[in-house]
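Notes follow the structure.
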Amino acid sequence: MVGMIWLSVVFNEGERTSEKLSLKSSDSAEIQMYFEGKDIGYYKIFMPEFSGEGVFVQILDQNLNIISDGPVETKMSVGYFDFEQSGVFVAKITNLSNAQMNLEVEFGDTNGREMIIPGIVTLVGGLMIVIASYIKLRDYRIEQPDEKIS
């Protein structure tokens, strides 16, 4: 429990930005954010009025090189990408449908480097639960009823 709470606190301390967007057919929008060092970034896209048609997402570095791209065709999607150096990164979202689409987009840093110790604590806690359960169940016997009960 301690490890899981610690992991959630570390994740929530990460830098992030969020915006509500309204995109017309074939329209695009960009969200920029400065990322520090080498880590893992993420984007979360939520389409409250999802009608089966999605958006196309591209993550671009400061030199406008594509780091990650792909379509999002579900009501909510989370994607992750690695960044190797500090700089301004851009999430470019393009509407693929023929109708106007409302989106909620979150773009940020996962603080993955700071999750190593809480992850180890969570792993050790899980192993302790498995070992304790094995020790309790190792000598557990179920009594069988006598065959000649009248």
Side-chain angles (χ1 to χ4, degrees), residues 1-140:
M1 291 292 289
V2 171
M4 291 187 319
I5 292 170
W6 193 357
L7 279 170
S8 65
V9 168
V10 168
F11 179 76
N12 282 330
E13 287 177 351
E15 296 287 325
R16 68 179 50 91
T17 183
S18 60
E19 289 187 27
K20 291 185 178 185
L21 305 171
S22 182
L23 298 177
K24 296 178 183 174
S25 178
S26 302
D27 200 10
S28 294
E30 294 182 353
I31 298 176
Q32 296 184 354
M33 185 166 174
Y34 181 80
F35 289 94
E36 183 76 36
K38 178 180 176 182
D39 208 345
I40 299 171
Y42 78 97
Y43 61 88
K44 180 175 81 170
I45 297 179
F46 177 66
M47 297 178 261
E49 301 154 0
F50 182 67
S51 63
E53 297 182 26
V55 296
F56 189 78
V57 178
Q58 288 182 322
I59 306 299
L60 310 168
D61 66 6
Q62 63 269 8
N63 299 322
L64 300 179
N65 297 320
I66 298 173
I67 295 176
S68 173
D69 65 349
V72 173
E73 297 174 333
T74 57
K75 186 170 185 167
M76 186 175 106
S77 178
V78 178
Y80 297 92
F81 60 93
D82 295 325
F83 56 92
E84 301 294 325
Q85 56 190 354
S86 299
V88 175
F89 288 76
V90 176
K92 182 178 179 182
I93 300 111
T94 305
N95 185 356
L96 297 177
S97 73
N98 293 327
Q100 183 170 336
M101 185 177 292
N102 296 319
L103 307 168
E104 295 174 18
V105 180
E106 188 174 305
F107 187 48
D109 185 6
T110 61
N111 266 351
R113 300 277 180 220
E114 296 179 23
M115 291 185 184
I116 294 171
I117 295 173
I120 292 170
V121 169
T122 303
L123 178 66
V124 169
L127 289 174
M128 287 173 50
I129 290 171
V130 169
I131 291 169
S133 298
Y134 172 75
I135 290 171
K136 282 190 170 202
L137 293 175
R138 177 179 56 186
D139 297 326
Y140 185 74

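If you're wondering where the values come from, they're calculated on a predicted model, not measured in any experiment.
Taking CG of Leu60 as the start and CD1 of Ile66 as the end, the distance is 6.0 Å to the nearest 0.5 Å. Distance check, rounded to the nearest 0.5 Å: OG1 of Thr122 to CD1 of Ile5 gives 9.5 Å. In this structure, CZ in Phe81 is found 12.5 Å from CG in Asp69, a value given to the nearest 0.5 Å. Asp39 CG to Ser86 OG: the interatomic distance, rounded to the nearest 0.5 Å, is 10.5 Å. If you take CD on Gln32 and CD on Gln62, they are separated by 11.5 Å, rounding to the nearest 0.5 Å. Atoms CG and CD, on Leu64 and Gln58 in that order, are 10.0 Å from each other to the nearest 0.5 Å.
Here the side chain of Asn63 pairs no donor or acceptor atom with the backbone of Asn65 at under 3.5 angstrom.
In plain terms, the two heavy atoms of Ile31 and Phe107 that are nearest each other are O-CE2, 3.8 Å. Here the closest non-hydrogen pair linking Asp82 and Ile67 is O-CG2, 3.6 Å. The minimum heavy-atom distance linking Phe35 with Gly41 is given by the pair CE2-CA, 4.4 Å. Minimum interatomic distance between Ile40 and Phe83 (heavy atoms only, all atoms of both residues): C-CE2, 3.6 Å. Glu53 and Met101 make their closest contact through O-CE, 3.3 Å (heavy atoms, listed as atom of the first residue, atom of the second, distance).
Sequence neighbours left out, not one pair with a member in residues 114-123 passes salt bridge (Lys or Arg N to Asp or Glu O under 4.0 Å).
Taking the side-chain hydrogen bond (donor to acceptor under 3.5 Å, both in side chains) definition, one finds that Glu106 meets it with Arg16, Tyr42, sequence neighbours left out. Every residue meeting the salt bridge (Lys or Arg N to Asp or Glu O under 4.0 Å) condition with Lys38, not counting sequence neighbours, appears here in chain and number order: Glu84.
Within a 6.0 Å sphere centred on CD of Glu104, other residues, nucleotides and ligands contribute more than 12 heavy atoms. More than 12 non-hydrogen atoms from other residues, nucleotides or ligands lie less than 6.0 angstrom from CG of Leu123.
A side-chain N or O of Ser22 and one of Gln100 form a donor-acceptor pair less than 3.5 Å apart.
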Side chains of residues 43-50: which donor-acceptor pairs under 3.5 Å do they make with residues two or more places apart or in other chains?
residue	atom	partner	partner atom	Å
Glu49	OE1	Asn102	ND2	3.2

Please output the side-chain donor-acceptor pairs of residues 70-80 that fall under 3.5 Å, not counting sequence neighbours, one pair per line with the distance.
residue	atom	partner	partner atom	Å
Thr74	OG1	Met76	O	2.9

Which donor-acceptor pairs under 3.5 Å do side chains of residues 88-98 form with protein atoms, sequence neighbours excluded?
residue	atom	partner	partner atom	Å
Thr94	OG1	Ser28	OG	2.9
Asn95	OD1	Ser97	N	2.8
Asn95	OD1	Ser97	OG	2.9
Asn95	ND2	Leu23	O	3.1
Asn95	ND2	Lys24	O	3.1
Asn95	ND2	Ala99	O	3.0
Ser97	OG	Ala99	N	3.4
Ser97	OG	Ala99	O	2.9

